[in-house]
Amino acid sequence: MTEVTLSQVVKKYGQHQAVHGIDLDIHDGEFVVLVGPSGCGKSTTLRMIAGLEDISGGEVAIGGRVVNDLPPRERNISMVFQNYALYPHMTVRENLGFSLRIAKQPEAEIAKAVDEAASILGLNELMDRKPAALSGGQRQRVAMGRAIVRHPDVFLFDEPLSNLDAKLRTQMRVEIKKLHQKVESTIIYVTHDQVEAMTLADRIVLMRDGHIVQVGTPLELFNTPVDTFVATFIGSPPMNLVDGVVRQGQITLDGGITVPVPVTAGALREGQAVKFGFRADNLMPVGHAVEDEGAVYELDLPVTLTEPLGTETLLFTKMAGGEVQAKMFNPRPVAPGEQLRFRLMLDKCHVFDATSGLAVRG
Ligand SMILES: Nc1ncnc2c1ncn2[C@@H]1O[C@H](COP(=O)(O)OP(=O)(O)OP(=O)(O)O)[C@@H](O)[C@H]1O
Ligand SMILES: [Mg+2]
């Protein structure tokens, strides 16, 4: 029973409120990723769960037990930080066993736990090396191994990959996912990288300014963002947002283009100022589109810049006075200034109220 529950959790640093009464239910064995821009309160939240920060209000429970007043070592959690300091004078084997030795566990049990962690993480060949003789990724695996040997109920990760280069980060991401499949513990993972959040999470918790904006599976956040913040934070490139006004049951975009209201949109008022949103994947040149069911709206747009990515090319175009991005599948070379006919997949478009930023969904 290792669910983690946050009820109205508040953190104040003097006058400054870093976390504003958040509620969150994390299930047993779930991989939850806290994501959001710098300063939104991710690390503070994680550190309150770990017991490294006092809780200014509300309750944190682990496995049904309120832990507000328990010191970190009594919470049966393991934390891996961005700056994992391995002991430089100790071998990998000694680094892995260190916390158990401090806890005065019997040598036989230490050896067993260390061997088990080493084989889960593929460290067997490296056990007698010192950290200086390891690559960045290998060191990161040792840091995770130190967390595993303690058989915690909950793993807490705070940006564990941000010191690694892009390629290694991608590899380690896969390893962390495999690790979760093997150990089946609850994992709470902090990152500011939406790709990491999308690829790792069972559920994403998107935070902003000390509040939770949306909780859901990666695809829920991607397909049904509650507001323009979520729409532009999750997914790459960010969702295109074009200003418009509701006129006679249609949406007139700045610059005069009029598009039908997507069937997914809820009730709109005549004259309502909106942001019309769609992803690059849903605006594709005719003949270079992914076939899809649903309503299509065709329009001509000039291409201003291209970014070939291999299987697809990202096209920058102008629409309603602003820059929007489109995708060309099975790409051919396109010259800047070329006018193309595009297909906009209307059923995949979003409408947000321009004032509140909230999605208007039916
Ligand atoms: N010890 C502290 N004293 C005062 N303010 C703090 C302290 N620690 C964090 N804060 C403030 O609390 C807010 C949340 O900080 P936190 O470290 O949780 O952000 P974060 O989401 O982890 O950001 P990042 O992605 O940059 O790591 C920030 O405004 C930060 O300046
Ligand atoms: Mg942080």
Side-chain angles (χ1 to χ4, degrees), residues 2-28 30-86 98-99 102-103 140 143-144 146-164 176 179-180 185-194 196-197 200-213 215:
T2 49
E3 61 285 288
V4 177
T5 308
L6 278 60
S7 313
Q8 287 298 305
V9 169
V10 171
K11 179 66 190 182
K12 289 183 186 156
Y13 292 109
Q15 291 300 309
H16 177 69
Q17 190 157 346
V19 175
H20 294 264
I22 59 175
D23 290 307
L24 184 61
D25 277 322
I26 297 169
H27 311 140
D28 186 23
E30 197 175 22
F31 197 136
V32 163
V33 177
L34 308 185
V35 67
S38 185
C40 71
K42 307 179 294 291
S43 296
T44 302
T45 302
L46 199 72
R47 292 170 60 81
M48 285 192 285
I49 297 170
L52 301 171
E53 283 303 340
D54 291 337
I55 299 164
S56 314
E59 255 177 27
V60 173
I62 300 177
R65 180 173 64 144
V66 175
V67 297
N68 285 39
D69 299 321
L70 282 188
R73 65 176 183 285
E74 287 173 32
R75 298 188 182 196
N76 203 20
I77 46 110
S78 275
M79 188 144 169
V80 181
F81 298 95
Q82 174 181 354
N83 299 310
Y84 47 87
L86 302 178
F98 185 71
S99 66
I102 292 290
Q140 183 61 48
M144 287 200 282
R146 287 197 311 196
I148 291 179
V149 292
R150 299 171 52 207
H151 291 291
D153 293 331
V154 183
F155 285 100
L156 305 176
F157 289 95
D158 194 351
E159 311 237 10
L161 307 185
S162 52
N163 280 350
L164 304 178
I176 289 178
L179 170 70
H180 182 239
S185 307
T186 308
I187 294 184
I188 309 175
Y189 186 104
V190 163
T191 179
H192 61 266
D193 178 351
Q194 64 91 20
E196 242 170 75
L200 286 172
D202 292 326
R203 278 192 306 157
I204 294 177
V205 177
L206 181 48
M207 296 182 67
R208 181 191 202 181
D209 298 336
H211 296 273
I212 293 176
V213 185
V215 180

Peer 1: Does one side chain, of Asp23 or Ser7, offer a donor that lies under 3.5 Å from an acceptor on the other?
Peer 2: no

Peer 1: If we ignore hydrogens and angles and just use 3.5 Å, is the side chain of Asn76 paired with the main-chain N or O of Val154 as donor and acceptor?
Peer 2: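 Judged by distance alone, no pair lies under 3.5 Å.
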
Peer 1: Nearest 0.5 angstrom please: Glu74 CD to Asp69 CG, how far?
Peer 2: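 Reported value, rounded in 0.5 Å steps: 11.0 Å.
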
Peer 1: Set out, in order, the CA-CA distance, both residues' side-chain angles and the distance that settles side chain to side chain contact (heavy atoms under 4.5 Å, CB included) for Val205 and Val33, then state yes or no.
Peer 2: CA-CA 6 Å; Val205 177; Val33 177; over 6 Å; no

Peer 1: Taking all heavy atoms of Arg146 and all of Val149, pick out the closest pair and write down the distance.
Peer 2: O-CG2, 3.2 Å

Peer 1: Distance from Leu6 atom CG to Thr45 atom OG1, nearest 0.5 Å?
Peer 2: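 If I round to the nearest 0.5 Å, the distance is 7.0 Å.
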
Peer 1: Find the distance between CZ (Phe157) and CD1 (Ile188) and round it off to the nearest 0.5 Å.
Peer 2: 11.0 Å

Peer 1: Atom CG in Leu86, atom CZ in Phe98: separation rounded to 0.5 Å?
Peer 2: 12.0 Å

Peer 1: Please report the shortest heavy-atom distance between Glu3 and Ile26, naming the atom on each side.
Peer 2: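 Answer, listing the atom of Glu3 first, then Ile26: CB-O, 3.0 Å.
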
Peer 1: When you measure from the side chain of Arg75 to the backbone of Val67, do you find a donor-acceptor pair of N or O atoms at a distance under 3.5 Å?
Peer 2: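 Yes, because the side chain of Arg75 sits within donor-acceptor range (under 3.5 Å) of the backbone of Val67.
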
Peer 1: Pair Val215, Ile204 - check side chain to side chain contact (heavy atoms under 4.5 Å, CB included), show working.
Peer 2: CA-CA 6 Å; Val215 180; Ile204 294 177; over 6 Å; no

Peer 1: Ile176 versus Leu200: any side-chain heavy-atom pair under 4.5 Å?
Peer 2: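 Touching, per the 4.5 Å side-chain cut-off.
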
Peer 1: Check Leu161 against Gln140 and note the closest heavy-atom contact, atom names and distance.
Peer 2: CD2-CG, 4.2 Å

Peer 1: Working to the nearest 0.5 angstrom, can you tell me the gap between Leu179 CG and Ile148 CD1?
Peer 2: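 Result: 4.5 Å between the selected atoms.
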
Peer 1: Taking all non-hydrogen atoms of both residues into account, name the closest pair between Glu196 and Thr191 and its distance.
Peer 2: OE1-OG1, 3.3 Å

Peer 1: So how far is it from Arg65 CZ to Thr2 OG1, rounded to the nearest 0.5 Å?
Peer 2: 12.0 Å

Peer 1: Got a donor-acceptor contact below 3.5 angstrom from the Asp28 side chain to the Val4 backbone?
Peer 2: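 A pair under 3.5 Å: no.
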
Peer 1: Going by the rule side-chain contact (heavy atoms from CB on, under 4.5 Å), which residues pair with Asp202 if we only count those two or more places apart in sequence or in a different chain?
Peer 2: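 With sequence neighbours excluded, Asp202 shows a side-chain contact (heavy atoms from CB on, under 4.5 Å) to Glu30, Phe31, His180, given in chain and number order.
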
Peer 1: For residues Pro72 and Gly51, report the shortest heavy-atom separation together with the two atoms involved.
Peer 2: CG-O, 3.5 Å

Peer 1: Looking at Val80, Leu34, Ile77, which hits side chain to side chain contact (heavy atoms under 4.5 Å, CB included) with Leu156?
Peer 2: Ile77

Peer 1: Evaluate side chain to side chain contact (heavy atoms under 4.5 Å, CB included) for Tyr189 paired with Lys42, printing each intermediate quantity in order.
Peer 2: CA-CA 9 Å; Tyr189 186 104; Lys42 307 179 294 291; over 6 Å; no

Peer 1: Pick out which of Leu24, Ile55, Asn68 makes a side chain to side chain contact (heavy atoms under 4.5 Å, CB included) with Val9.
Peer 2: Ile55

Peer 1: Should Val19 and Gln17 be marked as a side chain to side chain contact (heavy atoms under 4.5 Å, CB included) after you check the CA-CA gap, both sets of side-chain angles, and the distance that decides it?
Peer 2: CA-CA 6 Å; Val19 175; Gln17 190 157 346; over 6 Å; no

Peer 1: What is the minimum heavy-atom distance between Val35 and His192, and which atoms define it?
Peer 2: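 So the two residues come closest at CG2-C, 4.0 Å.
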
